[in-house]
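A short write-up of the structure that comes next.
Naming: A, B, ... by sequence-line order, numbering from 1 per chain. The figures here come from the full heavy-atom set of this structure, side chains too, leaving out hydrogens, waters and symmetry mates.
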Amino acid sequence: MLIVVENLIKAYEGREALALSGVSFQVAEGECFGLLGPNGAGKTTIIGCLLGLIHPDAGKITIGDLPPTDLAVREVIGFLPERPIFEAWFSARQYLEYHHALAKQDPSTRNDDVVATLRRVGLVQDAWDRPIKKFSRGMLQRIGLAQALVGKPKILFLDEPGSGMDPPGVTLLREILLQLKQENVTVVLNSHHLDEMERVCDRVAFINNGKIKETRSLDNVPDLPYVLKIKWLPKSDDSVADDTEIRDKLEKTCLDTGVDLIEVNLHTARLKVKNKENAALVIKTLVGADLTLVSASPESTSLEGMFDSEDEKAGWSRR
Amino acid sequence: MNTTIYANTLAKILKHKFTMTFIILLVFGIPLSQISPGSSDLHNDTAHDPYLLILLMGMMVTTLSCPFPLTLNMSRRMDCMPLLVTRPIPRWQYITAKWLAMSTVLCGASMLQQLFNVLIGHLGSLEMTPLMILCSFLDRLMIGMGVSAVMTFVYMLPSEMAVLTGVLAMQVAAANHLFSASISVISFEAVDKFRVMIWEVFGLSDFVNGKVLPLLLGAVSQEKLQNYVQFFNEFSQFMAPNINTYDLFRAEPICLAPLLQVASNIALCLFLATVVLNAREFHYDSD
């Protein structure tokens with residue numbers, strides 16, 4: 001195992017509860033490991049300990065058999081903090097050149113590496129030489145990700161990387177994470193984007209009150225209930241008659257297929273299906289009942305279902 | 001020493017408009033103001049500007065965000081540092097690079113001021129020999145390096161409150177140092193005389209020591225207060241020792257021990273700064 005964390009304990013001054021209470025896990029080389037839990041669960045503290053930014057009171061961390069503060073470890077890591085603050089007088093290009101030099105990369109490839117990284121994070125070329133202080137939140141997040149990548153890390157620690165990004169940014173982030181997996185880069189990811197976690201992580205750890213409640217592999221996610229959102233085309237101009245007819249059809253279909261009808265709005269409805277098979281059945285029945293479906297998409301993911309079940313077990317309050 | 005950190009810090013300081021204004025005023029404004037009619041004779045009788053130390057400190061205090069990732073109006077300063085301290089740079093190299101960058105600016109500004117003094121022939125009423133002029137540059141170099149080392153240590157303290165307290169202590173120590181710095185060029189003996197004179201002229205010494213303090217604090221507390229004052233005197237000496245290099249070079253045999261004192265003070269400050277940086281934690285509650 002590349003990262004080994006054993007029985008980590010950490011208390012902050014002035015707080016009664018332990019921030020970390022015997023956390024143990026392992027991450028293999030090339031694995032994408034997700035940390036999942038409510039706010040204040042201890043996810044960022046774990047990342048801080050892994051980076052040597054926080055000193056645990058007890059327990060042991062090794063990264064490639066070395067302590068996390070070893071310079072050899074720092075040469076192979078990249079880090080994006082949750083709320084990075086940049087030296088705003090730099091341009092994006094200068095900032096990356098600076099971090100390329102700090103990461104002890106070859107100066108002869110600096111320009112090429114920086115340009116490649118700026119392209120990789122999708123920062124528009126127009127902004128490359130603009131001072132960072134003029135960047136929007138999403139652009140800052142991209143430049144933060146770029147500084148984590150510019151040192152060509154073998155291990156990447158990302159604390160809420162999608163925070164503040166626009167939807168194309170989140171999609172790009174997902175693509176980058178998938179590319180990194182192909183490049184055998186080990187990623188430790190702390191995110192609230194469950195969809196993003198589900199798509200890129202190999203395993204997730206559910207954390208609450210400084211403890212890992214469960215670590216699950218996402219290779220074989222259980223087929224849990226989720227919310228399906230459907231959209232249809234109206235049949236006639238008489239919307240009142242149309243609505244009544246469709247509502248009747250929906251109620252009947254849901255009753256027949258064992259699906260919970262959560263709500264019906266104008267040309268949309270939300271249904272809680274039991275599993276994927278149940279979703280396929282309800283869609284097929286609705287089409288058979290002459291409903292012109294435009295789209296049917298999951299509103300929540302299976303991981304969210306797992307999160308919900310953990311939530312119920314642990315008594316977490318949903319955000 | 002990490003040249004990337006050094007170059008970046010230096011560029012950042014010199015890019016700061018306020019710093020540049022300060023340097024221009026320091027280098028050109030103060031010498032020009034001192035040769036104008038009515039300027040203080042005290043200034044003119046000294047080899048180096050008595051206010052130099054406090055001005056240099058003031059410059060760095062007002063531009064805190066330049067040498068270190070710290071702005072006092074920002075509630076969190078820890079988010080910038082983690083990116084740097086997780087890079088493969090030994091902490092002592094980080095500290096040394098920051099100190100050297102700050103020393104470059106402080107020493108550069110103070111030595112440029114003296115150069116300007118020499119160029120305009122403004123060296124006070126003392127008749128300065130070439131060796132005295134050369135030594136005045138060395139004096140400034142040592143003051144700049146000493147102040148930078150202490151400030152490096154203060155800026156590494158783990159919380160904003162600690163930094164502010166440290167900066168305040170430095171300012172008080174520098175203010176205390178101001179008088180001795182202005183007189184030291186004449187003779188060391190005069191320093192004590194000057195201090196005694198101030199106490200006597202204002203009649204504060206007997207009144208405060210004899211009447212007020214015993215009444216308020218009692219005899220033991222009075223001793224404590226004296227110890228605090230003594231500590232401040234020693235701290236100000238530590239920060240920028242009053243060394244007249246001209247006297248050292250003219251002494252027979254040449255005495256270099258005070259220069260070693262400056263070097264050891266700087267080394268101690270940088271060592272402590274490295275220890276503090278290693279011991280610090282970076283998290284939401286750390287500030």
Side-chain angles (χ1 to χ4, degrees), chain A residues 10-15 19 39-40 42 44-57 68-90 94-95 97-105 107 110 131 144 147-148 150-151 153 155 157 159, chain B residues 1-20 63-71 73-94 97-98 101 158-159 274-287:
Chain A
K10 174 70 187 173
Y12 289 125
E13 209 179 307
R15 284 199 216 165
N39 295 332
T44 300
T45 302
I46 292 175
I47 288 195
C49 291
L50 288 169
L51 288 160
L53 298 174
I54 295 172
H55 313 306
D57 298 324
T69 49
D70 197 288
L71 285 182
V73 173
R74 290 196 178 133
E75 277 181 21
V76 296
I77 64 168
F79 169 47
L80 172 63
E82 185 180 0
R83 285 174 284 187
I85 292 176
F86 302 95
E87 304 200 54
W89 61 280
F90 274 125
Q94 286 170 332
Y95 186 68
E97 283 171 352
Y98 175 52
H99 276 278
H100 190 273
L102 291 180
K104 308 265 183 212
Q105 295 296 302
R110 186 158 299 154
Q147 70 75 29
V150 77
I155 308 167
F157 296 94
D159 196 355
Chain B
M1 204 267 290
N2 188 291
T3 51
T4 308
I5 300 267
Y6 172 77
N8 167 62
T9 308
L10 198 58
K12 194 176 174 187
I13 296 173
L14 296 177
K15 255 178 119 78
H16 200 286
K17 289 183 184 114
F18 194 88
T19 313
M20 286 314 293
T63 54
L64 284 171
S65 62
C66 291
F68 296 93
L70 166 66
T71 47
N73 60 354
M74 197 180 285
S75 62
R76 297 188 188 281
R77 65 171 169 146
M78 33 71 73
D79 281 333
C80 201
M81 287 282 276
L83 292 181
L84 299 176
V85 296
T86 51
R87 292 297 182 193
I89 305 163
R91 301 277 168 98
W92 68 268
Q93 282 191 14
Y94 175 81
K98 289 286 179 185
S159 71
T274 309
V275 168
V276 170
L277 184 60
N278 275 324
R280 264 178 70 175
E281 290 193 333
F282 298 89
H283 55 84
Y284 302 133
D285 282 356
S286 62
D287 233 9

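The heavy-atom pair separating A:Lys104 from B:Pro88 by the smallest distance is CE-O, 3.1 Å. Minimum heavy-atom separation, B:Leu83 to A:His99: CB-CE1, 4.1 Å. For the pair A:Tyr98 and B:Asn8, the tightest heavy-atom approach, listed with the atom from each and the gap, is OH-ND2, 3.1 Å.
Side-chain contact check for A:Leu102 versus B:Ile5: some heavy-atom pair is nearer than 4.5 Å.
Note that CZ of B:Arg87 is 8.0 Å distant from CD1 of A:Ile77, once rounded to the nearest 0.5 Å. Atom CD of B:Glu281 is separated from atom NZ of A:Lys10 by 3.5 Å, given to the nearest 0.5 angstrom.
Comparing B:Asn2, B:Thr4, B:Thr3 by how many heavy-atom pairs each has under 4.5 Å with chain A, the most go to B:Thr4. Of the residues considered (A:Ala103, A:Ala101, A:Gly151), A:Ala103 shows the highest number of contacts with chain B, using heavy-atom pairs under 4.5 Å. Among A:Thr69, A:Val76, A:Ile54, the residue with the largest count of heavy-atom pairs under 4.5 Å with chain B is A:Ile54. The candidate from A:Leu71, A:Leu51, A:Thr45, A:Asp70 with the greatest count of non-hydrogen atom pairs under 4.5 Å with chain B is A:Leu71.
Residue contact with chain B, scored on non-hydrogen atoms closer than 4.5 Å, involves the backbone and the side chain of A:Gln147 alike. Within the 4.5 angstrom heavy-atom criterion, no atom of B:Ala7 approaches chain A. When heavy atoms are compared at a cutoff of 4.5 Å, B:Asn278 approaches chain A solely by way of its backbone atoms N, CA, C and O. Heavy atoms of A:Phe157 lying under 4.5 Å from chain B are absent altogether.
No side-chain donor-acceptor contact under 3.5 Å links A:Arg74 to the backbone of B:Pro90.
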